[in-house]
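Right, one structure below, let's go through it.
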Amino acid sequence: MGNRMKVDRRTFLAGTAAGASAAAIAGMFPVVAQAADEIVVGGIHDESGFLDIAGQPMSKVLRFAVDELNKKGGLLGKQIKLNDYDSQSNMQLYSQYAQQLALKDKAAVVHGGITSASREVIRPVLRRYKTLYFYNTLYEGGVCDRNQFATGTTPAQTVEKLVPYVMNLWGKKVYTLAADYNYGQITADWVKKYVKENGGEVLSTDFFPLDVTNFGPTISKIQEAKPDIVMSVLVGSAHLSFYRQWAAAGMTKEIPMASTTFGAGGNEIILMDPSESDGIVNALGYFPEIQNPVNDKWKADLKTFYGDDMPLLTELSCCTYEGFNLWAKAVEMAGDTDRMKVIEALESGLSIEGPSGKVTIDPKTHHTIRNVYVAQIENRAWGIKEEYKQVPPADTQAVCDLQANPDDTTMYVIKLDE
């Protein structure tokens with residue numbers, strides 16, 4: 001079904017030097033003969049490290065997807081072999097495993113990466129070695145690269161729906177807290193844009209490094225500012241401290257909260273008491289509570305496959321499953337695993353019915369047109385409040401046109417009107 005792989009960092013560092021030539025790198029990874037009756041699919045996921053709460057479900061779902069397809073006969077009469085590497089939330093390992101999958105394993109496609117930083121390590125390596133890449137994570141938008149397909153949502157799909165929804169519920173004054181890196185900074189700008197467009201005001205935007213755990217002074221500032229809404233763009237396990245400290249200060253009953261990230265990729269709902277999370281509103285491309293036949297079957301099949309080790313069902317794990325199946329359908333259409341033939345099949349406007357609903361590849365941007373859902377947490381479950389059909393990635397469409405410029409490989413920072 002697949003291989004789970006971890007290589008010791010010291011072994012890698014002892015044998016690798018930054019800036020090694022392609023020939024030298026190829027020598028590090030001698031090609032192993034690939035069975036004629038198998039197709040190699042690569043994974044690079046954080047099964048350990050500070051991003052493991054998101055990486056583990058993505059890895060588990062990819063293994064399930066491969067097993068599911070193999071039981072149906074595989075692809076093109078061949079079985080799928082999964083080589084899935086644990087990048088341990090380490091930038092050097094993202095690069096190492098991307099090289100190994102491209103040069104030694106001869107993967108037909110690689111699925112992986114969570115943060116934008118990890119993507120920007122993986123993406124140029126796989127482009128250089130002509131290995132197709134799927135990035136299955138919600139992010140800030142703007143990547144324009146014919147060798148990459150991005151299946152997660154972008155702010156113009158989700159934040160654009162979330163902001164007016166909560167402003168109509170709660171009021172016009174917003175206080176934003178965001179993670180201090182690319183995603184948090186850019187998404188906070190989108191929040192400000194949509195608040196202003198809907199007649200509101202962002203009172204303050206405060207940024208926090210990913211390792212910050214003390215939010216006491218910030219909570220005092222929020223209490224003094226008296227916003228109608230707190231908007232959280234916080235990320236990772238350390239930032240869960242904010243929600244706990246917010247509840248301990250008695251603020252969950254005083255000022256309502258929305259978030260662009262809560263529950264998107266990790267197990268926040270499981271880790272936290274309902275008294276700390278009830279009432280939070282988010283907008284995402286997938287929630288496990290979505291009701292459709294594909295989602296119902298997917299959840300049941302995962303439960304049968306994993307039992308008590310069932311992975312978390314989040315946008316990240318769902319998009320990993322949908323990304324794999326988009327690739328598989330394109331291979332069937334192309335009748336080949338050849339990278340360019342598969343890319344052309346994906347660019348034909350290919351779509352699937354996934355657990356999240358209909359998912360279509362946008363040929364201009366290689367992002368997805370998909371349904372978006374607004375939901376609110378109550379007692380560790382998401383109640384779906386609104387559904388928006390087939391929302392395009394309008395932010396990335398504003399800067400990226402791979403049909404007109406197929407050689408573009410830019411990560412655009414999308415300019416927002418103030």
Side-chain angles (χ1 to χ4, degrees), residues 114-117 119-120 135 137-144 150-208 210 227-236 239 242 256-265 280-286 315-316 319 362 364-365 367-375 386 388 391-400 410-418:
I114 297 177
T115 63
S116 294
R119 181 198 64 241
E120 290 307 299
Y135 179 58
T137 305
L138 67 91
Y139 84 113
E140 65 279 356
V143 172
C144 193
T151 61
T153 54
T154 64
Q157 293 172 301
T158 53
V159 181
E160 192 266 345
K161 306 300 184 188
L162 177 64
V163 168
Y165 179 85
V166 295
M167 287 177 66
N168 287 334
L169 278 182
W170 300 324
K172 301 289 189 181
K173 296 185 294 183
V174 178
Y175 197 114
T176 302
L177 313 177
D180 194 12
Y181 75 107
N182 205 34
Y183 170 78
Q185 293 161 359
I186 295 173
T187 303
D189 285 342
W190 283 106
V191 169
K192 184 176 181 181
K193 170 184 171 62
Y194 293 130
V195 168
K196 291 179 68 176
E197 285 183 358
N198 287 277
E201 176 189 6
V202 174
L203 303 179
S204 181
T205 301
D206 297 350
F207 293 100
F208 303 90
L210 291 173
D228 298 317
I229 305 164
V230 169
M231 179 68 72
S232 168
V233 192
L234 299 173
V235 173
H239 286 181
F242 168 73
M257 186 180 303
S259 175
T260 67
T261 52
F262 195 93
I280 295 174
V281 177
N282 199 350
L284 295 170
Y286 176 79
E315 178 170 318
L316 272 63
C319 287
D362 173 35
K364 286 181 58 176
T365 65
H367 288 53
T368 55
I369 301 166
R370 56 167 59 248
N371 296 349
V372 171
Y373 305 86
V374 175
E386 298 284 348
Y388 304 89
V391 182
D395 40 18
T396 306
Q397 286 177 337
V399 295
C400 178
T410 307
M411 168 63 206
Y412 291 97
V413 177
I414 301 166
K415 301 295 184 184
L416 304 180
D417 296 331
E418 291 296 332

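As the structure is a prediction and not an experimental result, all values here were calculated from the model.
Scanning all heavy atoms of the two residues, the minimum distance from Pro155 to Thr187 falls at CG-OG1, 4.4 Å. Scanning both residues, Thr151 and Arg370, for their nearest heavy atoms gives O-NH2, 3.0 Å. The two residues Val166 and Ala258 make their nearest non-hydrogen contact at CG1-CB, 3.9 Å. Taking both residues in full, the closest heavy atoms of Ala156 and Val391 are given as O-CG1, 4.2 Å, listed atom of the first, atom of the second, then distance. Between Thr396 and Val143, the closest heavy-atom pair is CG2-O, 3.8 Å.
Side-chain contact between Leu316 and Ile114: present, with at least one pair of heavy atoms (C-beta onward) separated by less than 4.5 Å. In this structure the side chain of Tyr286 never reaches within 4.5 angstrom of the side chain of Cys319, judged on heavy atoms. Annotation: side chain of Leu138 is in contact with side chain of Tyr183 (closest heavy-atom distance under 4.5 Å). At least one side-chain heavy atom of Val159 sits less than 4.5 Å from a side-chain heavy atom of Val191. Two residues are said to be in side-chain contact when any heavy atoms from C-beta on lie closer than 4.5 Å; Phe242 and Met257 meet this criterion. Within the 4.5 Å cutoff, side-chain heavy atoms of Val281 are placed close to those of Trp170. Residues Ile369 and Pro393 are in side-chain contact: their nearest non-hydrogen atoms beyond the backbone lie under 4.5 Å apart. Here the side chains of Asp362 and Gln397 are in contact, with some heavy-atom distance below 4.5 Å.
Checked by atom type, the side-chain pair Asp206/Ser204 shows a donor-acceptor distance below 3.5 Å. Side-chain atoms of Tyr135 and His367 form no donor-acceptor pair, as typed in the model, at a separation below 3.5 Å. Using a 3.5 Å distance cut-off with no hydrogens or angles, the side chains of Thr154 and Glu140 do not pair a donor with an acceptor. No side-chain donor from either of Tyr175 and Ser232 sits under 3.5 Å from a side-chain acceptor of the other.
Distance check, rounded to the nearest 0.5 Å: CG of Asn168 to CG of Asn198 gives 7.0 Å. Gln157 contributes atom CD, which lies 5.5 Å from atom OG1 of Thr368 (distance to the nearest 0.5 angstrom). For the atom pair CG (Asn282) and OG (Ser259), the distance works out to 5.0 Å, reported to the nearest 0.5 Å. The distance from the CD1 atom of Ile229 to the CG atom of Leu162 is 8.5 Å, given to the nearest 0.5 Å. Atom CG of Leu177 is separated from atom CE of Met231 by 10.5 Å, given to the nearest 0.5 angstrom. Between the OH atom of Tyr373 and the CD atom of Glu386 there is a distance of 12.5 Å, given to the nearest 0.5 Å.
Listed by chain and number, the residues in a ring-ring contact (aromatic ring centres under 6.0 Å, His included) with Tyr194 are Trp190 (sequence neighbours excluded).
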**OP:** For side-chain contact (heavy atoms from CB on, under 4.5 Å), just list the numbers for Val233 and Thr176, CA-CA rounded to whole Å, side-chain angles, deciding distance to a tenth of an Å, and then say yes or no.
**Re:** CA-CA 7 Å; Val233 192; Thr176 302; 4.1 Å; yes
